[in-house]
Amino acid sequence: MSLAKLKPLTLAAKSTLNHKPMSKTTINLSILETHLPKCQNLKQFNPILSQMILTGFIRDTYAASRILKFSTDSSFIHIDLSLRIFNLIEDANGFIWNTMMRAYIQRNCPQKALNLYKLMVDKNADPDNYTYPLLVQACAIRVSEFEGRQIHNHILKTGFDSDVYVQNTLINMYAVCENMSDARNLFDEIPVLNPVSWNSILAGYVRAGDAEKAKLIYDRMPERNTIASNSMIVLFGRTGCVTEACRLFNELPEKDMVSWSALISCYEQNEMYEEALALFLRMVANGVMVDEVVVVTVLSACARLSIVRTGKLIHGLVVKIGIEAYVNLQNAFIHMYSSCGEILAAQKLFNAAYHLDQISWNSMISGYLKCGLVQKARTLFDSMPEKDIVSWSAMISGYAQHDRFSETLALFQEMQLLGIRPDETTLVSVVSACTHLAALDLGQWIHAYIRKNGLKINVFLGTTLINMYMKCGCVENALEVFQGTAEKGVSTWNALILGLAMNGLVEKSLEMFSEMKKCGVAPNEITFIGVLGACRHMGLVDEGRRHFDSIVQEHKIEPNVKHYGCMVDLLGRAGMLKEAEELIESMPMTPDVATWGALLGACKKHGDHDMGERIGRKLIELDPDHDGFHVLLSNIYASKGNWDDVHEIREIMVQHGVVKMPGCSMIEANGIVHEFLAGDNKHPQIEEIEKKLDEMAKKLRMEGYAPDTNEVSFDIDEEEKETALFRHSEKLAIAFGLICTSPPTPIRIIKNLRICNDCHTAAKFISKAFSRDIVLRDRHRFHHFKQGSCSCKDYW
DNA sequence: TTAGGGTTAG
């Protein structure tokens, strides 16, 4: 800022000083010293400054240093005014330079302090013993080892390296820059160590997470002090040693604000949110000062626990002690309120905020999304002055979390068009949307993007990619991702185990389960859904029972209703209907409809029409809106030729307004997803498809295929049944796949319901007659058809 | 003058 642009300084004559007005000509040191400390605003300060300038008193180096120091220490004086005063001083000494540098450092502008030093060197001004500690501190704040080393070289040249303050700040600077070896070398060279050097090196090791060296230093310290103990509490917190942290805290003879804060954050980091809150309340009750740092921590605990009451209490406290203006606190409050579902309170803060930073905007968007207010989030998103990667990711993942997958991909495309680079987190949501939409092409493109741009496949991204490939039937690619993922969490293993089982690779799935345990990864509830699912897909009853028992006995996990459902399905499919029903009776929780449904499916499969009828009747009572159960029951009646009952069930369905979900098959060709319903004739290429269906029918008959008309539950004649069968959605999709894709690409189809018996048989024949692999995902699992057989080995 | 505590947005 240039001087000319600023308002002229007010003269003393116009002064409104409430103490004795100053005469124009008499300003001298003693007047300066009596008047200056009494200044409380610019109106009182400016006349003194003007006088000094007018009288030339500013040329007195000592007087100049006094007024500059006063200006930098006063909160009502902007640093730009201090700089203007500084620039007026012709013969600045070391003290004056240091004062200006310190002012910049205190206002978090370390770069400007370093720039001043360059100017100082240009002007041949002499640094003193105060100058270098300030500069080294500036480098530490910037975490710039490069600049720090340059300053260090100057220190060696000027001989200030023997100054104890210089030594301590250098140790701290290297430690902050995570260069512990240089920090340690300096530390070892200091002839007489002082508490600050010990504390600095200790803090460095704690920051670096080197627990061993930190403990060694702490043990060797000649005298322990609160600062060192606080560092150790932090170390214990980070390494999960909560008990040690507590012990050290309790043994401290003098606890300061940081000691309390350190233990609170220790609780926070170890997910002991209740303890964090309790300790904070104790801290307040004990009259310990509270600052914005610790409040941010406890607000996060309130958010985690969804305790808005304590959050509000803290809000009151913060207002009372007058620290509510901190931007970080504002953000923490917006986050806390929206996490607790108090979106209006969050909104109020957001609207009232004097300065909105990026985090406030992003917190607000994610708050709306958490509450399901997707459109509100979008409106805010669109009105943001600046969107960063977090804003985009929040909105994209918001769509994905509310099952709006097309919008997820659309927004991702918009982001791409604007040239904004997605990161790992963004891609997790996008890949997940691809999985739901079966958009394998885009999914593969993203995987390539990740590799090309060197993005890290972390636990989340790895799990999502494995899941996507598995759900698209690309087992090889999924395995490749698994092998390439360095960071494997329990979810990574789960995706693998579930995916392999789903794709019919049951032995491999169970093998991976053993492998997982060998690697020391503890299985969770979801793992066992996968393991029991694997057994279920191959009818491994004994193995399934063993795993089921191990859930409680070995892994101390309480089996949930889904685990019971898996077991009922496993027993039922294997024909052990009685045992399955007994297991349902013995469940410690109320069985859900899915569990009964599994038993009903088993009755249908094994032709136990009596039990089927009993269970079916119960189920349509339990869940009168469920289409599948009505259809199953009706099919059971149909297979007995019991058309009266079939009609009764249809009648009930009409009465309840239950509509059978139509079978729908999706196939992706050249980046476009095509959908087919049973008997569909709306596709633009329907004529070609019809021709292909005829060709298929002919070829299949020659291969020995006979339609299985048991699948058609209508009271119609056999020929009509055959025609209806050949219009099943999966057959339409296969015909379309034969037209639109060429080998060796497999025909990939996704069906919303389970594949029917006849389509399963037909698909096997087609895979042989047309020499095409068909990968079909149904509601439950995958079928890989290849040269006349299916990966499910006909057990499904 | 130097040393210790933190989190919030996907």
Side-chain angles (χ1 to χ4, degrees), chain A residues 95 98-99 101-102 105-106 128-137 140 163-173 175-176 194-204 206-207 225-235 237-238 245 249 255-266 268-269 276 290-304 326-339 357-367 369-370 377 387-398 400-401 422-429 460:
Chain A
F95 180 90
N98 297 339
T99 304
M101 286 180 189
R102 185 175 306 110
I105 290 171
Q106 280 166 346
D128 62 17
N129 56 324
Y130 282 76
T131 313
Y132 285 110
L134 283 168
L135 292 168
V136 175
Q137 199 196 352
D163 182 276
V164 67
Y165 285 98
V166 169
Q167 287 164 350
N168 286 338
T169 44
L170 277 173
I171 292 172
N172 180 53
M173 185 274 294
V176 165
N194 54 63
V196 179
S197 4
W198 283 99
N199 290 342
S200 299
I201 199 84
L202 174 64
V206 170
R207 211 176 289 117
N225 53 52
T226 306
I227 292 179
S229 299
N230 291 345
S231 289
M232 289 308 283
I233 293 175
V234 171
L235 176 72
R238 290 198 189 144
F249 175 81
K255 302 175 182 60
D256 62 10
M257 176 173 73
V258 177
S259 323
W260 290 82
S261 306
L263 189 61
I264 289 170
S265 109
C266 159
E268 179 88 17
Q269 282 168 6
V290 161
D291 71 353
E292 78 283 0
V293 175
V294 68
V295 173
V296 165
T297 313
V298 286
L299 281 178
S300 148
C302 293
R304 300 266 188 182
Y326 279 96
V327 171
N328 286 350
L329 269 181
Q330 235 177 57
N331 295 331
F333 275 117
I334 293 175
H335 171 249
M336 186 274 294
Y337 282 123
S338 61
S339 279
D357 85 339
Q358 193 64 32
I359 295 179
S360 315
W361 285 92
N362 293 342
S363 299
M364 208 54 226
I365 286 178
S366 73
L369 289 168
K370 256 179 221 158
K387 302 179 184 72
D388 64 6
I389 185 66
V390 178
S391 334
W392 284 94
S393 294
M395 203 54 232
I396 287 175
S397 88
Q401 271 157 23
D423 70 2
E424 287 85 351
T425 318
T426 326
L427 295 180
V428 169
S429 306
F460 297 103

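Within every chain, numbering begins at 1; the chains are lettered A, B, ... in the order of the sequence lines, protein sequences first and strands thereafter.
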Chemist: What is the distance, rounded to the nearest whole Å, between atom CG of A/Asn172 and atom P of B/dA3?
Modeler: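 Whole-Å distance recorded here is 5 Å.
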Chemist: When we call it a touch if two heavy atoms are under 4.0 Å apart, what does A/Ile359 touch: a base, just sugar-phosphate, or nothing?
Modeler: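 Answer is base: heavy atoms of A/Ile359 come under 4.0 Å of a base.
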Chemist: The side chain of A/Val293 lies closest to which of these nucleotides: B/dT2, B/dG5, B/dT7?
Modeler: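 The answer is B/dG5.
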Chemist: NA contact type, A/Asn225, heavy-atom cut-off 4.0 Å: base, sugar-phosphate, or nothing?
Modeler: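 Here A/Asn225 touches no strand at all.
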Chemist: Within the 4.0 Å heavy-atom criterion, would you say A/Asn194 contacts the bases, only the backbone, or no part of the nucleic acid?
Modeler: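 The answer is nothing, as A/Asn194 stays clear of every strand by at least 4.0 Å.
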Chemist: Nearest to the side chain of A/Arg207 - B/dG10, B/dG4, B/dT2?
Modeler: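 Nearest to the side-chain atoms of A/Arg207, counting from C-beta on, is B/dG4.
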Chemist: Take the protein atom CD of A/Glu268 and the nucleotide atom P of B/dT7, then report the distance between them rounded to whole Å.
Modeler: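 To the nearest whole Å, that distance equals 7 Å.
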Chemist: Of all the heavy-atom pairs spanning A/Leu202 and A/Ser231, show the shortest one and how long it is.
Modeler: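 Heavy atoms only, the tightest pair is CD2-CB, 3.9 Å.
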Chemist: Taking CG from A/Leu329 and P from B/dG5, how many angstroms apart are they, rounded to a whole number?
Modeler: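 Value for this atom pair: 18 Å.
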Chemist: Using a 4.0 Å heavy-atom cut-off across all strands, classify A/Val196 as base, sugar-phosphate, or nothing.
Modeler: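 A/Val196: base contact, heavy atoms under 4.0 Å.
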Chemist: By nearest atom, which of the nucleotides B/dG10, B/dA3, B/dG6 is closest to the A/Asn199 side chain?
Modeler: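 It is B/dA3.
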Chemist: Return the nearest nucleotide to the side chain of A/Ser265; candidates are B/dA3, B/dT8, B/dG6.
Modeler: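 Shortest atom-to-atom distance from the side chain points to B/dG6.
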Chemist: Nearest-Å distance, CH2 (A/Trp260) to C1' (B/dG5)?
Modeler: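 Distance check: A/Trp260 CH2 to B/dG5 C1' gives 14 Å.
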Chemist: Using a cut-off of 4.0 Å on non-hydrogen atoms, how would the nucleic acid contact of A/Ser363 be classed: base, sugar-phosphate, or nothing?
Modeler: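 Contact class for A/Ser363: sugar-phosphate only.
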Chemist: Choosing from B/dG4, B/dT1, B/dG6, which nucleotide comes nearest the side chain of A/Ala203?
Modeler: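 Out of B/dG4, B/dT1, B/dG6, the nucleotide with an atom closest to A/Ala203's side chain is B/dG4.
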Chemist: Mind checking A/Ile171 for me? I need base, sugar-phosphate or nothing, with any heavy atom below 4.0 Å counting as a touch.
Modeler: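 No contact.
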Chemist: With a 4.0 Å cutoff (strictly under), does any side-chain N or O of A/Gln401 reach OP1 or OP2 of B/dG10?
Modeler: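 Checking A/Gln401 against B/dG10: no side-chain N or O falls below 4.0 Å of OP1 or OP2.
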Chemist: Check every strand shown and say whether A/Met336 touches a base, only sugar-phosphate, or nothing at a heavy-atom separation below 4.0 Å.
Modeler: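 Result for A/Met336 = nothing.
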Chemist: Given B/dT2, B/dT7, B/dG5, which nucleotide is nearest the side-chain atoms of A/Gln269?
Modeler: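 That would be B/dT7.
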Chemist: In whole angstrom, what separates A/Ile201's CD1 from B/dT2's C1'?
Modeler: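 It works out to 14 Å between those atoms.
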Chemist: Taking the side chain of A/Asn362 as its heavy atoms from C-beta onward, which of B/dT2, B/dG4, B/dA9 lies nearest to it?
Modeler: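 Among B/dT2, B/dG4, B/dA9, the one nearest the side chain of A/Asn362 is B/dA9.
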Chemist: Shortest non-hydrogen contact from A/Glu268 to A/Thr297?
Modeler: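 Nearest pair, atom of A/Glu268 first, then A/Thr297: OE1-O, 3.1 Å.
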Chemist: Taking atom P of B/dG6 as reference, at what distance in whole Å does atom CD of A/Glu292 sit?
Modeler: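 In whole Å, B/dG6 P lies 13 Å from A/Glu292 CD.
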Chemist: Under 3.5 Å, is there a donor on one side chain and an acceptor on the other for A/Ser391 and A/Asp388?
Modeler: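 Yes, a side-chain donor-acceptor pair sits under 3.5 Å.
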Chemist: Classify A/Ser197 by what it touches in the nucleic acid, base, sugar-phosphate, or nothing, heavy-atom distance under 4.0 Å.
Modeler: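 No contact.
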Chemist: Can you identify which nucleotide, out of B/dT2, B/dG10, B/dG5, has its nearest atom closest to the A/Val258 side chain?
Modeler: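 For A/Val258, the side-chain atoms sit closest to B/dG5.
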Chemist: Touch check for A/Asn98, heavy atoms < 4.0 angstrom, all strands: base, sugar-phosphate only, or nothing?
Modeler: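 No contact.
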Chemist: Kindly say whether A/Thr426 contributes a backbone atom to a donor-acceptor pair with the side chain of A/Asp423 at under 3.5 angstrom?
Modeler: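 A pair under 3.5 Å: yes.
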Chemist: Work out which heavy atom in A/Arg238 is nearest to a heavy atom in A/Gln269; give both atom names and the distance.
Modeler: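 Minimum heavy-atom contact is CG-OE1, 3.6 Å.
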Chemist: Whole Å only: how far is the OH atom of A/Tyr165 from the P atom of B/dA3?
Modeler: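 To the nearest whole Å, that distance equals 12 Å.
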Chemist: Does B/dA9 have its OP1 or OP2 closer than 4.0 Å to a side-chain nitrogen or oxygen of A/Ser366?
Modeler: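 Checking B/dA9 against A/Ser366, no side-chain N or O comes under 4.0 Å of OP1 or OP2.
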Chemist: Examine distances only and state if a side-chain atom of A/Ser339 and a backbone atom of A/Met336 form a donor-acceptor pair shorter than 3.5 Å.
Modeler: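 Not at all, since once roles are kept as given, no pair shorter than 3.5 Å links the two residues.
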Chemist: Counting side-chain heavy atoms from C-beta on, which of B/dT7, B/dG10, B/dG5 comes nearest to A/Ala262?
Modeler: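 Out of B/dT7, B/dG10, B/dG5, the nucleotide with an atom closest to A/Ala262's side chain is B/dG5.
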Chemist: So, does A/Arg304 get its side chain near the phosphate of B/dT8, meaning an N or O under 4.0 Å from OP1 or OP2?
Modeler: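 For B/dT8, OP1/OP2 do have a side-chain N/O of A/Arg304 under 4.0 Å.
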Chemist: Under 4.0 Å between any heavy atoms, over every strand shown, what does A/Thr426 touch: base, sugar-phosphate, or nothing? Just pick one.
Modeler: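 The answer is base, as A/Thr426 lies within the cut-off (heavy atoms under 4.0 Å) of a base atom.
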Chemist: Please find the pair of heavy atoms, one from A/Ile334 and one from A/Met364, that lie closest to each other, and give the distance.
Modeler: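 Scanning both residues completely, I find the closest heavy atoms to be CG2-SD, 3.9 Å.
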Chemist: From OH of A/Tyr132 over to P of B/dT2, roughly how many Å is that when rounded to an integer?
Modeler: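 Taking OH of A/Tyr132 and P of B/dT2, I get 18 Å after rounding.
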Chemist: Measure from the side chain of A/His335, starting at C-beta and using heavy atoms only, and say which of B/dA9, B/dT2, B/dT7 lies closest.
Modeler: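 Looking only at heavy atoms from C-beta outward on A/His335, the closest nucleotide is B/dA9.
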Chemist: Any donor-acceptor pair under 3.5 Å between the side chain of A/Ser261 and the base of B/dG5?
Modeler: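 Present.
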Chemist: Under 4.0 Å: is that the gap between some side-chain N or O of A/Gln358 and OP1 or OP2 of B/dT8?
Modeler: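 False: A/Gln358 side-chain N/O out of range (4.0 Å or more) of B/dT8 OP1/OP2.
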